[in-house]
S.K.: 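Before anything else, here's the structure in question.
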There are 2 protein chains.
Amino acid sequence: MAATPSSRPYLCNCGALRKASRRVSRLYDEALAPIGLGSSQHTLLVEISRWEGSQAPTLWELAESMVMDRTTIARNLKPLERDGYVAIRPSKTDRRSKLVSLTAAGTAKVAESKPYWLQAQKAFERAFGAKEAAVLREQLLSIANDHA
Amino acid sequence: MAATPSSRPYLCNCGALRKASRRVSRLYDEALAPIGLGSSQHTLLVEISRWEGSQAPTLWELAESMVMDRTTIARNLKPLERDGYVAIRPSKTDRRSKLVSLTAAGTAKVAESKPYWLQAQKAFERAFGAKEAAVLREQLLSIANDHA
DNA sequence: TCCAGTTACGTGCATATGCACTAATTTGCA
DNA sequence: TGCAAATTAGTGCATATGCACGTAACTGGA
């Protein structure tokens with residue numbers, strides 16, 4: 001037990017954020033494990049699915065919306081491409097760009113993952129409160145999207 | 001610009017947490033770059049320093065307080081040990097355990113890092129609000145330490 | 001005392017994360 | 001038109017993260 005090093009208050013916003021992020025990531029990882037997706041992969045697939053109906057995003061656009069480095073996105077897509085969930089093809093209007101989209105299998109995987117994801121989502125909100133979680137999410141997203 | 005895939009609300013607590021975590025980590029990484037520490041390394045050094053005055057933590061205890069996997073802690077300590085900031089020695093009362101502590105150089109590094117860390121800390125709180133940040137930290141730490 | 005169960009750690013594997021540097025392409029201005 | 005500047009992506013490197021599996025050491029009861 002224990003592991004309470006000091007009673008001094010913990011002041012680092014970054015440290016608190018990362019700790020919570022690790023804890024919650026593991027919760028979602030466990031929930032998604034039965035279908036072979038990690039929390040990060042799941043988030044990525046869902047994010048791509050949010051472009052449905054509009055032009056497929058470039059790597060750069062996807063990186064922006066994921067608040068991720070461009071090169072990180074490219075690498076994180078590798079396993080998903082290998083497993084047939086996403087397709088990456090060069091843009092016809094700009095040969096530098098690559099467009100990312102879900103395959104049929106990818107769309108199906110997102111649908112399949114939903115109940116597992118929901119389980120983690122509910123577990124979190126059972127502990128933290130659903131309304132509190134909604135507020136927290138908004139705060140976190142405003143931090144994430146802070147283009148200051 | 002742009003990269004707003006959909007106007008549908010973003011519901012995933014885990015996704016929001018990870019996005020915010022990445023954004024803020026980069027803020028702290030940049031601030032700490034001049035002294036050659038990453039945000040994660042800085043947090044780790046500070047966490048170890050919080051044991052000052054009491055028995056040095058074992059890898060297991062440190063992992064607990066960092067909300068990190070045991071093996072992750074061990075590996076993250078490697079660069080810090082290599083650079084002479086932390087010492088890892090076997091426990092004399094339990095030969096399975098290893099105790100982690102700061103070296104003199106490590107203690108000095110924590111002191112040296114403070115103004116750089118403070119700069120990131122203030123930048124964050126300038127944008128998010130100091131009081132709001134304090135509340136957010138408490139929430140994040142309660143999530144991180146949720147032993148449910 | 002001795003062994004079964006528990007505990008603390010290390011290694012191999014796979015993914016996650018971002019920076020510096022490089023290559024190809026596009027764009028805008030002279 | 002033509003080239004300098006900006007944009008988009010890829011590679012190499014280093015660290016971050018956790019799981020499965022294996023090993024050594026401790027602990028408690030028969």
Side-chain angles (χ1 to χ4, degrees), chain A residues 1 3 14-15 17-30 32-34 36-45 57-64 66-83 88-100, chain B residues 1 3 14-15 17-30 32-34 36-45 57-64 66-83 88-100:
Chain A
M1 264 287 81
C14 184
L17 212 30
R18 291 178 69 101
K19 284 184 182 182
S21 186
R22 285 190 293 265
R23 172 76 69 190
V24 174
S25 291
R26 265 184 288 179
L27 173 65
Y28 282 70
D29 279 338
E30 283 175 34
L32 293 165
L37 285 181
S39 56
S40 183
Q41 299 178 325
H42 175 263
T43 299
L44 194 41
L45 289 180
T58 63
L59 285 175
W60 189 89
E61 289 172 323
L62 194 52
E64 273 289 293
M66 286 289 292
V67 192
M68 226 177 238
D69 189 85
R70 187 180 45 76
T71 65
T72 302
I73 280 284
R75 277 186 251 256
N76 289 2
L77 285 172
K78 285 282 167 62
L80 297 173
E81 189 183 22
R82 177 200 61 204
D83 296 341
I88 305 177
R89 62 185 194 287
S91 166
K92 288 172 182 173
T93 57
D94 186 339
R95 272 176 296 175
R96 292 169 305 180
S97 297
K98 290 192 172 179
L99 304 179
V100 185
Chain B
M1 264 288 83
C14 184
L17 211 30
R18 290 178 70 100
K19 285 183 181 182
S21 188
R22 285 191 292 266
R23 171 77 69 190
V24 174
S25 291
R26 266 184 287 177
L27 172 66
Y28 282 71
D29 279 338
E30 284 174 34
L32 292 165
L37 284 182
S39 56
S40 184
Q41 298 178 325
H42 175 263
T43 299
L44 194 41
L45 289 181
T58 64
L59 285 175
W60 189 90
E61 289 173 322
L62 195 52
E64 273 289 294
M66 286 289 292
V67 192
M68 226 177 238
D69 188 85
R70 185 181 47 74
T71 64
T72 302
I73 278 285
R75 276 187 251 257
N76 289 0
L77 284 172
K78 285 284 168 61
L80 297 172
E81 189 183 22
R82 178 200 61 203
D83 297 339
I88 305 177
R89 61 185 195 284
S91 165
K92 287 173 181 173
T93 57
D94 186 338
R95 272 175 298 173
R96 294 170 304 179
S97 297
K98 291 190 172 179
L99 305 178
V100 185

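Proteins come first, then strands; the chains are lettered A, B, ... in the order of their sequence lines, and each starts at number 1.
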S.K.: Choose from dA9(D), dA8(C), dG12(D) the nucleotide whose nearest atom is closest to any side-chain atom of S97(B).
M.R.: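 Nearest listed nucleotide: dA8(C).
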S.K.: Answer yes or no: side-chain N or O of R23(A) and base N or O of dG18(D) forming a donor-acceptor pair under 3.5 Å.
M.R.: no
S.K.: Under 4.0 Å between any heavy atoms, over every strand shown, what does K98(B) touch: base, sugar-phosphate, or nothing? Just pick one.
M.R.: sugar-phosphate
S.K.: Would you indicate, yes or no, if dG18(D) has its OP1 or OP2 atom less than 4.0 angstrom from a side-chain nitrogen or oxygen of R70(B)?
M.R.: no
S.K.: Heavy-atom nearest nucleotide on DNA chain D for L59(A) versus V67(B): which residue maps closer to 5'?
M.R.: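 In this pair, the answer is L59(A).
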S.K.: Determine the contact category for R26(B): base if any of its heavy atoms lies under 4.0 Å from a base atom, sugar-phosphate if only primed atoms, P, OP1 or OP2 are that close, otherwise nothing.
M.R.: sugar-phosphate
S.K.: What is the distance, to the nearest angstrom, from the CD atom on E30(A) to the P atom on dT17(D)?
M.R.: 17 Å
S.K.: Can you name the nearest heavy-atom pair linking E30(B) to P34(B), along with the distance?
M.R.: O-CD, 3.5 Å
S.K.: Rounded to whole angstroms, how far apart are CD on Q41(A) and C1' on dA14(C)?
M.R.: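 Rounded to the whole Å, the gap is 10 Å.
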S.K.: Yes or no on side-chain contact (heavy atoms from CB on, under 4.5 Å) for T58(A) and S91(A), after CA distance, side-chain angles and deciding distance?
M.R.: CA-CA 8 Å; T58(A) 63; S91(A) 166; 5.9 Å; no
S.K.: What contact category does R22(A) fall into here, base, sugar-phosphate, or nothing, at under 4.0 angstrom with non-hydrogen atoms?
M.R.: sugar-phosphate
S.K.: Rounded to whole Å, how long is the line connecting atom CH2 of W60(B) with atom P of dG18(D)?
M.R.: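 For the pair W60(B) CH2 and dG18(D) P, the rounded distance is 15 Å.
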S.K.: In whole angstrom, what separates L62(B)'s CG from dG10(C)'s P?
M.R.: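 It works out to 12 Å between those atoms.
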S.K.: Rounded to whole angstroms, how far apart are CE on M68(B) and C1' on dA16(D)?
M.R.: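 Atom-to-atom, M68(B) to dA16(D), this comes out as 7 Å.
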S.K.: Would you indicate, yes or no, if dT15(D) has its OP1 or OP2 atom less than 4.0 angstrom from a side-chain nitrogen or oxygen of R82(B)?
M.R.: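 Yes.
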S.K.: Just checking S25(B): base, sugar-phosphate only, or nothing, at a heavy-atom cut-off of under 4.0 Å?
M.R.: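 No contact at all - S25(B) keeps every heavy atom at 4.0 Å or more from the nucleic acid.
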S.K.: With a 4.5 Å limit on heavy-atom distance, are the side chains of V67(B) and R26(A) in contact?
M.R.: yes
S.K.: Using whole Å, what does the distance between atom P of nucleotide dA16(D) and atom CG of L17(A) come to?
M.R.: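 To the nearest whole Å, that distance equals 17 Å.
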S.K.: Could you state the CZ-C1' distance from R18(A) to dT17(D), rounded to the nearest angstrom?
M.R.: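 The distance from CZ of R18(A) to C1' of dT17(D) comes to 10 Å, rounded to the nearest Å.
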S.K.: Decide yes or no for L77(A) and L62(A): does some side-chain heavy atom of the first lie under 4.5 Å from some side-chain heavy atom of the second?
M.R.: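 With C-beta onward as the side chain, the pair touches.
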S.K.: Pick base, sugar-phosphate or nothing for T72(A), based on heavy-atom distances below 4.0 Å to the nucleic acid.
M.R.: base
S.K.: By nearest heavy atom, map D29(A) and D94(A) onto DNA chain D; which one lands nearer the 5' end?
M.R.: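 Upstream on the strand: D94(A).
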S.K.: For K19(A) and dG18(D), give me the distance from atom NZ to atom P, rounded to whole Å.
M.R.: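 Going from K19(A) (NZ) to dG18(D) (P), I get 13 Å.
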S.K.: Nearest to the side chain of R96(A), which nucleotide is it out of dT25(C), dC26(D), dT17(C)?
M.R.: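 Comparing dT25(C), dC26(D), dT17(C) against the side chain of R96(A), the answer is dT25(C).
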S.K.: Base, sugar-phosphate, or nothing for T71(B), non-hydrogen atoms under 4.0 angstrom?
M.R.: base
S.K.: Using OP1 and OP2 only, check whether a side-chain N or O of R95(A) sits under 4.0 Å from dT8(D).
M.R.: no
S.K.: Would one find a side-chain N or O of N76(A) under 4.0 angstrom from OP1 or OP2 of dT17(C)?
M.R.: yes
S.K.: Find which nucleotide of DNA chain C each of A74(B) and S40(A) is nearest to by heavy atoms, and output the residue with the more 5' nucleotide.
M.R.: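 First, find each residue's nearest nucleotide; the 5'-ward one identifies A74(B).
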S.K.: Once you round to the nearest 0.5 Å, how far does CD of E64(A) lie from CG of D69(A)?
M.R.: 10.5 Å
S.K.: For residues P57(B) and E61(B), report the shortest heavy-atom separation together with the two atoms involved.
M.R.: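 Between these two residues, the closest heavy atoms are CA-OE1, 3.3 Å.
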